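Step one of this worksheet: look at the structure below.
One is the number of the first residue; the rest follow in order along the sequence. Quantities reported herein were computed from a predicted structural model and do not represent experimental measurements.
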Amino acid sequence: ACPNVSWGCLLLLLLCFAWMGDAEYAKYKDPKQPVNTRIKDLIGRMTLAEKIGQMTQIERSVASADVMKNYFIGSILSGGGSVPAPQATPAMWINMVNEFQKGALATRLGIPMIYGIDAVHGNNNVYNATIFPHNVGLGATRDPDLVKRIGEATALEVRATGIPYTFAPCIAVCRDPRWGRCYESYSEDHKIVQQMTDIILGLQGEIPVNHTKGVPYVAKNKVAACAKHFVGDGGTHNGINENNTIIDEHGLLGIHMPPYYDSIIKGVATVMVSYSSVNGEKMHANHDLVTGYLKSKLHFRGFVISDWLGIDRITSPAGANYTYSVQAGVNAGIDMVMVPFNYTEFIEDATSLVNKRIISMSRIDDAVSRILRVKFTMGLFENPLADLSFADQLGKKEHRELAREAVRKSLVLLKNGNTPNQQFLPLPKKASKILVAGSHASNLGYQCGGWSIQWMGGSGDITAGTTILDAIKSTVGDATPVVYSENPDDSLMKKNEFSFAIVVVGEPPYAETVGDNTDLTILDPGPDTIRTVCSALKCAVVVVSGRPVVIEPYLPLMEALVAAWLPGTEGQGIADVLFGDYGFTGKLSRTWFKSVDQLPMNFGDPHYDPLFPLGFGLAINSSQPGFSGTRSRGDKKEITVWAALSLLLSMMIAWA
Ligand code: BGC
Ligand code: BGC
């Protein structure tokens, strides 16, 4: 035996253990370490390829465990309607997400990926999920607590599918209803949008007091949120989607920026950049606003994500110079790029730009730190894999009840009888026979609108839910026959003794640019249906639309008019209020124009001459059959401003 050899062996063994111990313990893996310590430790270990991988978000259709592993991909998304299988169950979603995640965890450093989806009115791509009213309707409720509860329910339904991140809320301040995304906006009034950012507290969890401003906060089992689209998306010229917002600093900071202040205070984890431009400069290349304002001035510490092919659209035509797009986008301050398909091109371009020092390593480290901050904060490293424990949250009864409540509160009563003492609503449940007509009365897809199962939405029985017709039938009960005819002719009315009619018409579903519309008419034959039915019978018209539409010409024909926006799957909420089980409380979150040539027209404008002003909504109490209808001509303050401005204008005209 040679003592030297055994001492040497022992030493080697000790060194070996020490080294192994070191490999075992890494600060970044230790949840007891402060987040910033973990970030620093991890960044210090990462290669350039691993860093750029973190900045890359790809679509699920091009993702696989191998792609995740080989390219160190940091994030995956489901685009609108992008699902593992039609009518996929929570288990199928979870298996898919976990498969991808296992690829990410199999990398050298095992950094988990973050999966995102557009849950913009409930987990709306997912079959059987509760679909809540679109934001325009939620704005009409004026009820931030309701919206927060919707955020909580949505978080659970997103977790039900194994997903920890949603691209919501859209906090656009839509200033022109011709914009195809106007329904994604809570209001033309930034103050209403600001209140509704409480949805973030529901999605991510209530932010603790003394939490450092700008630092993201996501509680365990909640989901990371995304305030979008930064900034000025709702202010584009003539409401053209992805177009140019021409505005001075005062207008930008006073109208479009305020909801970002609130979102950041509420701990929003991520912000998505807008396709649109501000004064001719693409937001995706806008260093002053993304880095200078959002990150430096507002101290936002979460990550900034691009929109889908957003950096491509920095050039026109889109993708004309992708290398330049990567340079301009990343240097403007975008941290994660929603590529979403050609990730090898993004990775190659980003890598060579860093090697050429056109993108600095400190910019890359800033981007990766922010992404890791969100991942650490939300506990993704500790809980990267989903299980079935939330699966039963999807479309559950309590959530559907909540959606029904939201529908009730979002309805705005615009007309009720021809004089105050001749009110038409609420309708009696006991009647000899009721006619229900119109393209939107028995169409679940239509009442959900865009971003429902499919990106563009759909028609008919796209998922589980209650149509307005079914809701009416179950409300009146068997004793009152309900006849449904989508577009009846006179003969039907002559053959039957109807007590009254409910006509449900509106817009077809749409999303984004497809929804841009300069006419804003209701879907044919809607106007004919109104004319035919309301000329023959007393009728209540319910409009299902993402925005105000041309209605003035038909107003004299109808007894009552209700704006129902895009209510989602729980149509019962409409019958609840039509038949007086609940009162009307909603107030317009938007100005209702008389004719489209008035547009754009927002409250406070000098030439404000609406059919119904912002804040308008007639009230009815819930007692049946009697009621005490009180007229509320909109929010007092809004109306005062409006009245003062009109006075000023008439004085000016008088002087001239
Ligand atoms: C996707 C959407 C995306 C859109 C962008 C669609 O194909 O499904 O998620 O918003 O493209 O143009
Ligand atoms: C939309 C975003 C959305 C993204 C992912 C884009 O087309 O503008 O709002 O989050 O697609 O689907």
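Ion pairing of Asp233 with Arg175 is absent here, as no side-chain N (NZ or NE/NH1/NH2) approaches a carboxylate O to less than 4.0 Å. Electrostatic pairing of Asp118 and Lys228 counts as a salt bridge here, judged by a charged N lying under 4.0 Å from a carboxylate O. Between Glu152 and Arg149 no salt bridge is recorded (no basic side-chain N to carboxylate O distance below 4.0 Å).
Side chains of Asn241 and Thr513: a donor on one and an acceptor on the other come within 3.5 Å. A side-chain N or O of Glu59 and one of Ser82 form a donor-acceptor pair less than 3.5 Å apart.
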Which is it for Tyr322 and Glu345 under the side chain to side chain contact (heavy atoms under 4.5 Å, CB included) test, yes or no, and what are the steps along the way? CA-CA 8 Å; Tyr322 196 68; Glu345 187 184 25; 3.6 Å; yes

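Between the CG atom of Leu289 and the CG atom of Leu294 there is a distance of 9.0 Å, given to the nearest 0.5 Å.
Under the salt bridge (charged side-chain N to carboxylate O under 4.0 Å, His left out) criterion, Asp392 pairs with no residue at all, not counting sequence neighbours.
At least one cation-pi condition fails for Arg38 and Tyr28: the charged atom is not both under 6.0 angstrom from the six-membered ring centre and inside a 45 degree cone around its axis.
Using a 30° and 60° split on the angle between ring planes, Phe376 and Phe381 fall in the parallel class, below 30°.
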Under 3.5 Å, sequence neighbours excluded: what are the donor-acceptor pairs made by side chains of residues 206-223?
| residue | atom | partner | partner atom | Å |
| --- | --- | --- | --- | --- |
| Glu206 | OE1 | Lys148 | NZ | 3.2 |
| His211 | NE2 | Val215 | O | 2.9 |
| His211 | NE2 | Pro216 | O | 3.4 |

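Looking only at side-chain heavy atoms (C-beta outward), Tyr183 and Arg590 stay at 4.5 Å or farther from each other.
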